[in-house]
S.K.: 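Can you read through this structure? Questions will come right after.
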Amino acid sequence: MILATREISRLVRESLHAAQAAGKLPEFELEGIEARPSKRAEQGDYNVALMPFARPARMSPLQIAQIAVELMPPSDMVAKVEAAAPGYVNMFLSEDWLRAQVEAIYAENDDLYRLDLGQGKRAQVEFVSANPTAPLHIGRSRGAIVGDTMARLLEAAGYDVEREYYFNNAGAQMRNLGNSLKVRYLEALGQTVELSEEDLKTFYQGEYLRDFARELALEKGDAWINEDYHLFKAYAEQKMFEMIKATLDRVDIHHDNFFNENSLYENGAIWEVLEALDKRGYIYKASKSAVTDDQGDDENADGKGEATWFRSSDFGDSKDRVLVKSSGEPTYTLPDIAYHKNKLDRGFDLLINVLGADHYTQYQVVRAGIRALDLDASKINVIIVQLVAILRGGEVVRMSSRKGDFETLDDLIDQTSADAVRYMLLARSSDTHLNFDLDLAIKKSNENPVYYIQYAHVRCAGIFREAAARGVRVQNPDLRLLGDAELKFLRKVLELGEVIELSASTFEPHRIAFYALELANAFHPVFDNVRVLASDVDPAVAQARLYFFGAAQIVFRRVLRLMGMTAPEVM
RNA sequence: GCGCCCAUAGCUCAGUGGAUAGAGCAUUGGUCUUCGGAACCAACGGUCGGGGGUUCGAAUCCCUCUGGGCGCACCA
């Protein structure tokens with residue numbers, strides 16, 4: 001379907017252009033002409049503000065608007081154009097054109113409002129990216145939903161999208177995981193294992209490892225009893241990933257690529273990055289930072305010898321950062337920079353990184369690294385999601401990772417539903433804190449937006465069930481029989497294109513969630529007032545209305561799928 | 001101390017520099033001879049945290065203050 005704002009902007013631009021060619025307007029740049037959906041019916045369906053052109057034209061904005069109206073090219077989309085003070089062009093959509101959009105909805109169906117914004121360019125969204133040491137924590141869930149919805153919107157906008165998961169399966173944490181599983185394995189075989197204070201600090205205590213260990217004991221018996229952590233680590237990692245993927249699958253998230261941080265060690269990429277930075281003069285060796293930080297503390301220098309530092313302060317960072325510890329082991333920052341270089345090298349046109357607010361500083365350092373390597377940092381975009389608080393009975397639920405009934409994304413899904421999780425975590429701007437109200441999410445009432453939206457789809461499906469039962473089928477519907485209520489809903493449908501365009505270009509996927517609620521809000525009154533199968537409805541009118549509700553169902557299914565939610569036939 | 005985010009209706013929150021700031025919930029009052037009432041209609045409700053500035057025009061941009069949140073490791 002056509003993007004209404006784009007088309008109307010074009011009409012106004014052409015009319016002003018024609019005015020300039022005819023000498024009715026002086027020559028000046030026609031930039032920034034943007035149509036907006038109108039807020040008031042008496043001001044038309046779309047408005048274009050021409051006030052910015054008053055100065056270059058040296059005319060009153062109202063005069064410019066009048067000239068624009070006068071020279072407006074004809075369009076079957078537009079019924080009427082008016083100039084309004086102080087300088088607006090108000091457009092009224094043609095009702096015939098609006099009715100014809102019902103056909104367009106059927107034609108596009110599940111691809112409704114697929115745009116050409118991306119022009120087939122390659123985009124990559126990196127999200128979740130948790131290490132496979134534990135089930136997905138609730139803290140990751142918002143980024144997961146936001147990232148996947150962003151990917152869906154970019155696809156709708158015409159990008160070729162890849163979803164990527166970055167993880168680390170090397171290092172101390174994974175070794176700890178292997179050791180922890182071994183302990184549980186020995187326990188599963190009936191041995192008692194004494195753990196020192198020191199062991200407990202690094203021990204993964206989650207119940208999931210007991211489950212893995214029981215399976216392992218059944219599978220291998222005591223064959224692994226003398227193995228060190230390596231086999232256990234590999235086993236735990238594989239099980240962990242199965243678990244994480246299963247959790248993500250519950251909310252319909254599927255990554256195309258799992259990128260292993262360790263590969264950057266194996267192929268030497270991290271050392272190439274270090275060398276490149278060194279060549280450019282951004283590396284030095286020292287026992288402490290060459291830049292005194294604000295607190296002037298240098299306690300990290302104590303007896304540790306020389307580390308390898310990156311002059312990130314040259315790029316606006318508040319202090320320099322260590323890339324290689326005095327032990328010779330890289331910090332996570334070095335592979336992180338190498339990873340982002342790798343992403344750029346893979347030729348994506350657009351990169352999006354979904355990060356929790358607590359990782360923002362780290363991202364700044366990586367960005368500094370990319371700039372230091374003289375690579376195009378502008379291709380890397382970040383969606384920072386603020387923290388989530390879980391509320392029950394108006395109280396914040398503590399999300400302890402040690403104990404408690406509530407810590408994982410699975411818990412959240414269990415206690416509410418996959419659809420509720422997707423909607424609730426999406427329906428907030430990423431940069432505001434989010435309160436996830438458990439009581440609301442499970443409530444089966446009109447207070448719950450999840451049900452309100454899905455119910456619209458259910459009601460459409462209900463009409464068709466009833467129609468089928470009565471033997472009514474759509475044949476040659478006459479769209480002229482649609483009334484004002486239906487047209488009002490169709491006007492709202494038109495906004496879907498703008499929502500996709502805007503959310504894909506500003507990386508703000510939450511917009512689709514609010515739009516969905518508005519769409520449902522526009523739907524329910526129509527459903528209540530526009531009967532299809534009532535005895536007093538003329539059969540021809542019933543045909544047109546049935547056809548209309550079929551289109552409405554397509555729109556709801558499309559919107560729900562863009563949010564990764566199900567479109568139920570019954571509830 | 002420094003960096004980032006937030007402050008809009010009683011609550012939870014939308015709002016792309018454009019006309020009279022919106023929605024859901026809550027509250028109050030209505031609508032059922034029901035294709036699914038998990039619905040609809042109406043009313044009530046605002047110094048957009050305070051103060052400056054930029055602009056033809058500011059909730060939106062800039063500065064500042066206040067109040068919250070998150071970071072500021074030779075952890076990941």
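What you are looking at is a predicted structure, and each value in this text was computed from that prediction instead of being measured. Sequence lines set the chain letters: A, B, ... in the order given, protein chains first and strands last, and positions in each chain run from 1.
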S.K.: Which value, in whole Å, describes the distance between the P atoms of nucleotides B/G36 and B/U20?
M.R.: 44 Å

S.K.: Does B/C70 have a Watson-Crick or wobble mate here (both distances under 3.5 Å), and if so which one?
M.R.: B/G3

S.K.: When the distance from CG of A/Asn47 to C1' of B/U20 is rounded to whole Å, what number comes out?
M.R.: 13 Å

S.K.: Please give the distance between the C1' atoms of B/C4 and B/C25 as a whole number of Å.
M.R.: 31 Å

S.K.: Looking at every strand, decide which applies to A/Arg40 at a 4.0 Å heavy-atom threshold: base, sugar-phosphate, or nothing.
M.R.: base

S.K.: Classify the ring geometry between A/Phe523 and A/Phe556 as parallel (under 30°), tilted (30 to 60°) or perpendicular (over 60°).
M.R.: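 The rings of A/Phe523 and A/Phe556 stand perpendicular, inter-plane angle above 60°.
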
S.K.: Write down the distance separating the C1' atoms in B/A9 and B/A26, rounded off to the nearest Å.
M.R.: 11 Å

S.K.: Take the angle between the ring planes of A/Tyr339 and A/Phe259 and call it parallel below 30°, perpendicular above 60°, tilted in between.
M.R.: tilted

S.K.: Under 4.0 Å between any heavy atoms, over every strand shown, what does A/Glu42 touch: base, sugar-phosphate, or nothing? Just pick one.
M.R.: base

S.K.: Do the charged groups of A/Arg321 and A/Asp317 touch, with an N to O distance under 4.0 Å?
M.R.: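 A/Asp317 and A/Arg321: salt-bridged.
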
S.K.: For A/Phe241 and A/Tyr165, I'd like to know if the aromatic rings sit close, meaning centre-to-centre distance below 6.0 Å.
M.R.: yes

S.K.: With a 3.5 angstrom cut-off on both distances, give the Watson-Crick or G-U wobble partner of B/A59, or none if there isn't one.
M.R.: none

